[in-house]
Every structure is written in structure tokens, then in C-alpha cells.
Amino acid sequence: MLSVLRKGATTWLAKILIGLLILSFAVWGVQGLIQTQGQTELAKVGEIEISRQDYDRLLPTVVNEWNTRLKQRLTQEQLRAFDIPSQVKFRLINQAVVDNHAKVLALGVSDDAIGDAIKNDRQFQDQAGNFNKELLKQILRSERISEQGYFDTQRNSALRTQVTSLFTQKKRIPKILIDSMYHYREDKVEAEYFVVPSKEIKKAAKPTDAQLKEYYDLGKSAYRAPEFRKIALFPLSLEDLKKKAVLSEDDVKKTFEVRKKRFNSPANRTYSQIVFESMEKALEAHKALNSGKKFDDVAKEFGQNKKADAVGPVTKTSMADPKLAKAIFDIKEGEYTAPVEGTFAITIAKVTKTVAAVEKTLKDVRPQIENYLRETAARKEVRTLFDKVEDLRASGMSIADVAKEMGGKSVVIDAISSKSQGLDGKAVKNLPASQKLLQSVFSSSIGDDTVSVRHADGGYIWFDVLEVTPTRIKPQDEVKDALLKAWTTRENKKLATEYAASLEKEIQDGKSFADVAKGLKAKIVPVKPVGRGAVVEDIPAFFTNRLFSVKNGGIASGLDAENKNWLIVRVKKHIPAKTTGPAYDAYVIKIENELQEEITNDLVTQYLEGAKAHFGVTENSQVFEQIKNGVASNSGRGSGN
């Protein structure tokens, strides 16, 4: 909860996470006590097994959530970058945790209660607010869900809600906490400052050998060289295999014919509609429109809702009412339909915008088709080559010999640290999957039968550790330039601090702030009221925060935002935020909502961690790796290529 104070506001991502926690308990990253096991299911939580089919059913939902959030279809690269498979897995595990608890508590929900909840769902109601079973069937068909399957899903959701309702209930937030946070965020301080001329501050003299040795001896741990390792790599890059893939024109044409619909954009319409209580009213309205009355005015006079509702853009097939869809798509932009007695209501619609259908040719999408075929071929090839390399490694072959056997070359890096740096301190270039690879490299020893690491592009990397150079303290002669620079910086800062302290003492002893500045020929710069963390003029954020602990008329000193010049700052006055009025009232609502989300997040996280430990969670890492490798083929309608 204290993170609210530090962050200042709940981020969009936090809001999304809280929503998912409450609705489907997807606390990503909260793994609890997870073990590995060898059964065929993806995971097991207590007595509940999570199957590959469970994963396949949930994956399109998670992908579509991200599509909606990003307002675009996820590419295969984004699926991997966002680690969608892990998100699906953790959501399934968290749901299973709650399902176990519901079972222990012997909770239940009647069929009538589930039925009523479905009937009250607005997405299954017509425009008059009545439940429409045909609409329910249509939506379930489009989502490829059976009625019984949807019924069971709603029952499970209701049971989970019973378990977690304690966490999601509104909590009472103490006013003292709200006011403290309000003052922390909204209080201001007004100040003024001047820059101390650099010529007034003495510079450090050249150090003696004895001084440098003493400084080195006191901080020699700062000059520790990291452990370096010499490694041999054999990378199997998916991108390289894609480039080598041979495509036939026949395959390109056939694939285009199979996939071309996903590249096309159907015609869509944006329209305004007036809903009427009766056909008689609709005919009167139509007559008024024909006489030249404006659409909005007719809506106010004759419409059931006294206004025209904006809808769209929509495609013809996406509209639930086929009669209304036909009428709308039969007219041009700016025209209106005759009264339509549709499935759900009597309507007159006016088309406000039309977008023609776009049908892409093979020429238009050839790069996408070829990339899809290359990636498909590369993924198939990488699985074959992976098995071959693994067999060679199992026979005891070194990376160099494996590379030779595979018709390639191994890559030898003579020295690399765990931070991906060479002996010169610079980053080692073109290192694939550097973080994961280096974690494996530095957890292995010379001669180990090392495990392959996933390449950043979806391939694999095998490696051998050839040599290990242990960490060491660099001798003084080796770091003399860096040592001299560090000593000089420290001494100059010490001299500047002492000089600034002498100026502060002059002011404290009675000399005015203005007179001190005038004596140094320094310009006084006013600082308008600012809050904590603000960067103003030369004053950095951390310095601004310090001013709130200085009393009115008090002095503070320190380096400027560029860490070059010394500042002397005087606090003119503190300005407390008013805890009355519209701004404060709006803030109270905002911070209460933020804290409610933070508290809910904390409680759900603690609950899930404890429940996982209690019921036990086991994972089948082999099955999950197979799923991750096949994410492209299982991401459903929500992903693009």
C-alpha cells in the first residue's frame, strides 16, 4: 500500500491487473510454491488437474484481452515478448486454487441463480432490456461455446466470487491516511536560490602517493574485477533458418487462398438510430424526415429515448439484427432507412460514415504470406535440428565438434562477465538471449553437460564453459587513472560542501540571503510554489524533496540537476494544501479508489500465496515448453502473422 504514496497515482497497468484479479484471479507472477512433476497434464493444483485443453480454451481469451488493450492484433513476436503462455498458465493455476477452496467450503450455486444471472446480462438482452435466447445462442456460436459449457463457466465464476468476495468488499479508509497522502502530494513550498560561482570554491590539490594509497586501501573493493568466462556457443537461430527456407510459388498461392480472408477488411458503417415504441410513431418520424426535419430533432420528438444513438463502426455480419443490417448497408452515407421492424426493436437509422470493403491481392500481402511460410518451415526445421543436436550432445560431443558435425561453426568468446562485458569493460556485441544465456553460463562449470537456452528469436543456443577466471581485486597501478579521478571528485565535493556550509552560517548568524548573494555577484532566482519530486530550474527532484524538511526562512545547499554547480536555497514559505473544497473532495474519491485497489491486490496476493502452499501446486515443465514452442499455432483468432 505504501507504493501508492511513492508512485503518486495508480497506473493503467495496475488498474488492469486489479480488474483481472477480481474477475478471474490472474495475479501474474505470483507463483507460490511450485514444483515440477512428470504427469501429462500441464499442472495440478490440489486435486484439480489443468489440461492442455484448458490452456487452449483460455489462450484466445487472454490474447483478445491484449488485442483490445493495445488496439491491435498481437504478432507472434509480441506473443513471445509478453510471455502470453505464462500468463495463461498462471491464470489457470490461480483459478484452480480458488476452485479447490470452493470445493473444501462445499459452496454451491443453484441452477436458477445462474439462469437469472445470464438473463440479466445486458449482452444477451434486446434494446428493450428483455432477455433474448436467440441472441445468446448467436453469441455463443460465434465464440464456439456450447450452452452447457457457458453455463458451467458461469457457475465456476460465481463460486470463485463467493470465495473472494471478502477480499473485494469495500474497505473503510481512515481519514488521517487520506489527508496525510493528500498533503504529501499536494503541499507546496516556495523558495529562492543562487548558484555559487565556481571560482569561489577551492579545488583539490594534487594528492600525494600516500594519500592515494590510503584512499585505495579504504575502498579497494570498488576496484574488484568480475569473474570472466571463456565460452563456446552454437546458436540455432530461427531467423537464420527463415532466410534459408525455400518457397515455391505454388505454396505461396495456395497459402494465400487459404488465408486471404484474414487480410481482407469487410465494408463497415457508422450510423445513428432512433428506436420507437410503435410502428405508428416510426412512420410519423419518417414522414417528418422526408419533410426536411433534422434527424436529431426527429429523435427528440418521436424517439423512445428522446435521442439518436450513435453506433459503429460495424460490419454487416457483426450486426445481431439481420433486417436492420440489410437496410443500413443498402443505403449511402447521409441517407436514412425506412422504419425497420427488426428482431429487437423498430428503428430508423441514418448512415453517417461508410467504409468500403478492402480485398487484398497476393501482391499486396506477399511479404506476410512469405514470412508465414518461412516461419512455419523454420519452426519445423528447428525442431528436427534440435533433436539432432541433443543426440550429439548426449553422445558427449563438445560444442566445437557439434558445430562441425552440423555443418556450421561454433562462436568462441574469450572473456565475458555475468553483466555481458568483456575485459575492456564494454558490452559484448551480438550476444543472443544474453540474460538467460549468461545465467546458465555462470551457473555451470567446466565439463558440465549444459542445457540448451532459448534463442531470443525462438531458436536455441548450446554452450560449453571452456575457462573460468575468478574475480580479483585490481592492483593500484592498474586503476591509477580511475583512482585519481575518484579521489579528486571526493575532495572537490568536500571543499564545496565546506564552503557552502560557511555561507549557510553567515546567513544563520544574521547576514541576509540577498547580501550573501550580492557579495558573490550571484543572481537570486525565485522558485514558484512546487510540490515534492518536481524539477524546477536548476533544482533536481531529490533537492526539492529536501526543502519540505526545512523550516520557513531556512537554508539548504547541494549540487544542481547537472551535478556541476553548487546551489544555496532559501525556503520562503510552506503552503499546505486545503482539505476542503471540490479539489479535495475529488481527491478523496480518487485516493479511496486507489487504496481499495491496492488493498484488494495485497489481500488477493497473500490469499493466493497461502492457498497455493496449502493445496500444493505442481507443474509439468516439459508440457509447458511444448506449449510455448507451439504458441503460434494455438493463439486462436486473436493473433496475426
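Because the structure is a prediction, the values reported are computed rather than measured. Each residue takes its place number in the sequence, starting with 1. These numbers come from the heavy atoms of this one structure, side chains and all, not from hydrogens, waters or symmetry mates.
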Exactly one of V63, T61, L59 clears side-chain contact (heavy atoms from CB on, under 4.5 Å) with V88, and that residue is L59

Aromatic rings F82 and W66: how do their planes relate, parallel, tilted or perpendicular, breaks at 30° and 60°? parallel

Does E375 come within less than 4.0 Å of K380, counting only side-chain N to carboxylate O? no

The reported gap from CD1 in I178 to OG1 in T579 (rounded to nearest 0.5 angstrom) is 12.0 Å

Does S444 offer a backbone N or O that forms a donor-acceptor pair with the side chain of D448 under 3.5 Å? no

Answer with yes or no whether the side chains of T153 and N156 bring together a donor and an acceptor at under 3.5 Å. no

Classify the side-chain pair S237/D457 by whether it contains a donor and acceptor separated by less than 3.5 Å. yes

Do D187 side-chain atoms and A577 backbone N/O form a donor-acceptor pair below 3.5 Å? yes

Would you say the side chain of V389 lies within less than 4.5 Å of the side chain of F234, judging by non-hydrogen atoms? yes

Check whether T544 reaches the backbone of A534 with its side chain - one donor and one acceptor, N or O, closer than 3.5 Å. yes

Within the 4.5 Å heavy-atom criterion, are L608 and I93 side-chain neighbours or not? no

Do you see a donor-acceptor pair shorter than 3.5 Å between the side chains of N94 and Y607? no

Taking the side chain as every heavy atom from C-beta outward, state whether S452 and E390 have any atom pair closer than 4.5 Å. yes

Decide, yes or no, whether a salt bridge links E625 with R383 under the criterion of side-chain N to carboxylate O below 4.0 Å. no

Are R393 and T450 close enough, and set up right, to give a side chain to side chain contact (heavy atoms under 4.5 Å, CB included), and what steps lead you there? CA-CA 9 Å; R393 290 290 281 168; T450 57; 3.1 Å; yes

